[in-house]
Structures are given as C-alpha cells and as structure tokens.
Amino acid sequence: MKLYARILEGSGREAANNIQNYGKVRTIDVFGRPTGVPCWNHPEYRAFWNATAEDLFRTYTLDGLQWGAERQGPLMNVILPWNNDAPTCFCEHCLARGRAHGIDTARAKQGFETLYNFAQGMMSGRSKPAEGVFAAFLGILIRFPEILAWEYQYRLSREEVQRGIYRTVKAIKPDAQVGWHVDHQPSSWDIVYRAEMTYAEMAPYSDFIKFIAYHDILGPRIRDWYLARLQRTVLAEMPLAESLDLYYTLFGYDKNKEPKLEDLATTGFSPDYVYRETKRSVASAENRTKIYTGIGFDVPWGNAHVPADPEKVYECVLKAFQAGAAGIVVSREYEEMRVPNLRAVGRAIKEISRAG
Ligand SMILES: [Zn+2]
C-alpha cells in the first residue's frame, strides 16, 4: 500500500495568535490592517512550505503528497463574501510584485476599496444604483482594471507556492507523486478561479489534480454559499431561480438532472454532475496531468444533514471513471463515512477492475 501525506493550509486568528513568527507573514488588507491569513508572496511563508515538504520527505518514507489551501481570491472574496473582511493582500511583497508586473498599486488599492464599499453597501440595503447593480459592478471593473490584474497575480502567487513544494519534493524523491487539492468552490462554483487557469497550465508542477465533486453537499452549498451570497451583492437584480439556471448553464451542468431551487437545501446533485465535472477537468488537463475525482459522501451540513444513498455513491464512482478520471479520492474524512457507502465504493471499484 502506498502512503501519501495530505496537508490543508491552516489560518485564522488562532494561528495568528499561537504560532511563533506567524505575525510576520500575515496578509495586509486594503486598509493596511493585518489579517489572520498568511501571504503567498512572503518569502518566509514560501520557505516555510518548502521546508515542511523537505522535512516530510527526508523524515518519512512517503510515496506522495496532496497539498491544498481553501481560499478564494480577493475579487470573489468581495462579491461572494464569507464574511465582511476587506480584500487582501497589500503587504510590501505584494505591492512590489504588482509594481514589477506594471500594475499601478495605488489604483489597485483604490479599485478594491471602491468595490468593497460597493458590495458592503449592497449588503446593508443601500438603494440600487440608477444604472443597475450589475452594470455598476462592471463600471467599477472598467474604471479600475487593476482589480483584475491584482486578482490574477494573487492566483499566480498561489501557483508559485505549489511549484516550490513540487520542486522541493522532486529534488529529494523524483518518483514521489505531488498534486493538489482543488476544493469545492473552485471546482464547482467559482467562475473567476475557473477563468484564471486551466488544469493544463498547472500541469508542469502537478503529478495529479484532485478536484472536489461532492454531489450531495453541493445542493445546500449552492443554495447558501453561492446563490444567496451573489444575490446580496452583484446579482441583486436576479431572482434565485434564474440565477440557478444561469449557474447550471455556465458550469455545463444539466438543469433537468440537478435540483430545482426549492429542493437544493435537501437534495444533492446527481451522478451526472460528477460525470460532467470530471469530463471537463480531464479536458482542461489536456492529458498533461492526471485527474482524480474527489467522491464525497456523508459530509455534514449543520443540522439538515443530506443522507448519502449507497446506490448513488456507487453510480458516482462509475461515472467518474467513465468520464476519464485516472483515479478517485474517497472523501471527505474517514470518520464521517458510513460503512454502507464505503461498501458501495468498493463494489464499484471491483466492477471497474473486473471490466479491465
Ligand atoms: Zn502580501
């Protein structure tokens, strides 16, 4: 049996308060305040990850590593907000990076401040602009194209952290498999992330890309984390049912197979979602890296738990391989999974093996 390490980046106020020297690498928001999240562009934060990867592969007999960081970029953080935090990062290293890429850093700051105030204003019930909410949003992007340039640099700096980890591991153990966790938002509802980079572009430093395709929990997540949040900011004019149709169309999912608005909170997505997202990911990788589908079940959701159906789990596994996945990662946490669903995964894998 091969042994892979799996790491998810930590962050938050607790980390900031309890980890030695963490304060040095924190991101700085548009108002100049330090946050609880570290900066991709801080050389010491990058060095920390390289040293961690080195330590892991020098100390243990590992066959691979899956590394992930569940963050969205500064643009989505403003228009699809988890909280009311101001956009980041404007630390000295990010400002230097922006200048090196020909971005007017003062304009980038002013643009993000304008966009943030606009989104926060919408959320606190400010009257809608005369030209319409979405037009006003576009108006800010047109006046401050530096917002998009800044967002792109943020993403590129994340990829550079991954490149550093990849190189470090390969220098120690060339045949180790190093790949990335793409969490649910970037895999299934963050159009900015999708637009920023193809999987083929990530391939030079990726032995595999494991994206999340948790079919059940996607229903309530789309209801509460995508539709509801966008309606509070830039899609304020659009009824949720229309926004859901738009989402299904833009992401290439079949609205006739996926839940209606009123069923999202209690009904999961179909195995067809797993098939379509796997197929898209395989196409995006252009045969230059392996795609592993993250099949998720029994993932908790507050008190309204979506119970996993073993038959559906079985179908999702088959669909992932039919769509061209090189493998699957059974997710999320082992202690959450129930035995009938694990058996369903086993049944599907055995059938696939027998079929050759
Ligand atoms: Zn920074």
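Along the sequence shown, residues carry numbers from 1. Atoms within a ligand are numbered from 1 in the order they appear, just like the ligands themselves.
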- Task: Any pair with a residue in residues 230-251 that passes ring-ring contact (aromatic ring centres under 6.0 Å, His included), sequence neighbours left out, goes on the list, sorted by first then second residue, please.
- Result: Y226-Y247, Y247-F251, Y247-Y253, Y248-F269
- Task: Taking ring-ring contact (aromatic ring centres under 6.0 Å, His included) as the test, write out the residues that go with F31, two or more places apart.
- Result: Y116
- Task: Report yes if the distance between the aromatic ring centroids of H184 and W189 is under 6.0 Å, otherwise no.
- Result: yes
- Query: Same hydrophobic cluster for V299 and W225, using side-chain heavy-atom links shorter than 4.5 Å among ILVMFWY?
  - Reply: yes
- Query: So does R155 pair up with E159, basic N to acidic O under 4.0 Å?
  - Reply: yes
- Note on the structure: Protein-side N, O or S atoms sitting under 2.8 Å from the Zn ion (ligand 1) are C39 SG, C89 SG, C91 SG, C94 SG
- Note on the structure: Across all chains, not counting sequence neighbours, the side-chain contact (heavy atoms from CB on, under 4.5 Å) partners of K210 are Q66, H181, F208, I212, Y292, V329
